[in-house]
Engineer: 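Take this structure first; my questions come after.
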Amino acid sequence: VGGMTGAMLTCPLEVMKTQLQSKGYHQYGITTIASRTLQSEGVFGFWKGIGPMLVAVVPARGVYFWTYNSTKGSFLSQGYADEAPVHLA
């Protein structure tokens with residue numbers, strides 16, 4: 001859920017960054033890019049490309065948390081105390 005929320009919140013910035021880096025838009029500022037996107041594509045234009053981003057982010061975050069939980073459980077089952085070193089491992 002956290003990775004998906006982060007992707008949803010940062011997607012508009014990614015869209016504008018991509019446009020700033022593309023040919024023909026590099027001379028404009030971010031406010032110009034934002035207003036042009038809003039005028040030409042509407043508010044949903046800021047979330048263009050969110051599908052592929054979510055396809056990448058959601059499984060990656062799932063693997064991250066599964067690995068963390070498994071590693072922590074392994075340490076705890078070996079007798080390590082539930083303290084900071086176990087959480088950082």
Side-chain angles (χ1 to χ4, degrees):
V1 176
M4 184 174 67
T5 303
M8 297 291 288
L9 293 175
T10 59
C11 191
L13 299 174
E14 291 292 330
V15 167
M16 289 186 286
K17 179 187 82 169
T18 301
Q19 289 180 358
L20 284 169
Q21 292 172 339
S22 69
K23 196 176 199 177
Y25 282 97
H26 61 276
Q27 73 268 17
Y28 298 114
I30 197 158
T31 55
T32 304
I33 297 285
S35 67
R36 284 183 175 202
T37 300
L38 190 60
Q39 289 174 354
S40 65
E41 301 176 45
V43 74
F44 294 112
F46 292 107
W47 282 273
K48 186 174 18 175
I50 190 67
M53 187 183 297
L54 290 177
V55 167
V57 167
V58 171
R61 295 282 75 186
V63 168
Y64 171 82
F65 284 112
W66 177 83
T67 303
Y68 169 77
N69 192 38
S70 297
T71 304
K72 180 182 168 188
S74 176
F75 280 125
L76 292 175
S77 70
Q78 293 176 22
Y80 288 94
D82 192 8
E83 295 176 351
V86 170
H87 296 282
L88 296 174

Engineer: Any pair with a residue in residues 40-57 that passes side chain to side chain donor-acceptor pair (under 3.5 Å), sequence neighbours left out, goes on the list, sorted by first then second residue, please.
Structural biologist: E41-K48
Engineer: With sequence neighbours left out, what residues match E83 under side chain to side chain contact (heavy atoms under 4.5 Å, CB included)?
Structural biologist: A81, P85
Engineer: Output all residues satisfying ring-ring contact (aromatic ring centres under 6.0 Å, His included) with F65, sequence neighbours left out; order by chain, then residue number.
Structural biologist: none
Engineer: Clusters formed by hydrophobic residues whose side-chain heavy atoms approach within less than 4.5 Å: which one holds V15, and what are its other members?
Structural biologist: none
Engineer: Name the atoms and distances for all side-chain donor-acceptor pairs under 3.5 Å in residues 51-62, with sequence neighbours left out.
Structural biologist:
none

Engineer: Which residue pairs satisfy the salt bridge (charged side-chain N to carboxylate O under 4.0 Å, His left out) criterion with at least one member in residues 2-22, sequence neighbours excluded?
Structural biologist: E14-K17
Engineer: Who are the side-chain hydrogen bond (donor to acceptor under 3.5 Å, both in side chains) partners of Y28, not counting sequence neighbours?
Structural biologist: R36
Engineer: Which distance, rounded to the nearest 0.5 Å, do you find between the CG of L38 and the CZ of F46?
Structural biologist: 5.0 Å
Engineer: Just jot down the side chain to side chain contact (heavy atoms under 4.5 Å, CB included) partners of T5, sequence neighbours excluded, or say none.
Structural biologist: V1, L9
Engineer: Indicate the atoms forming the closest heavy-atom contact of A7 with I50, along with that distance.
Structural biologist: O-CD1, 3.7 Å
Engineer: Hey, could you give me the OG1/CE distance between T31 and M16, rounded to the nearest 0.5 Å?
Structural biologist: 10.0 Å
Engineer: Test of understanding: with side-chain hydrogen bond (donor to acceptor under 3.5 Å, both in side chains), list the residues that count as partners of Q78, not counting sequence neighbours.
Structural biologist: S74
Engineer: Using side chain to side chain contact (heavy atoms under 4.5 Å, CB included) as the criterion, list what pairs up with K72, not counting sequence neighbours.
Structural biologist: Y68, L76, D82, V86, H87
Engineer: Got a sec, which residues hit side chain to side chain contact (heavy atoms under 4.5 Å, CB included) with T67, two or more places apart in sequence or on another chain?
Structural biologist: V63, T71
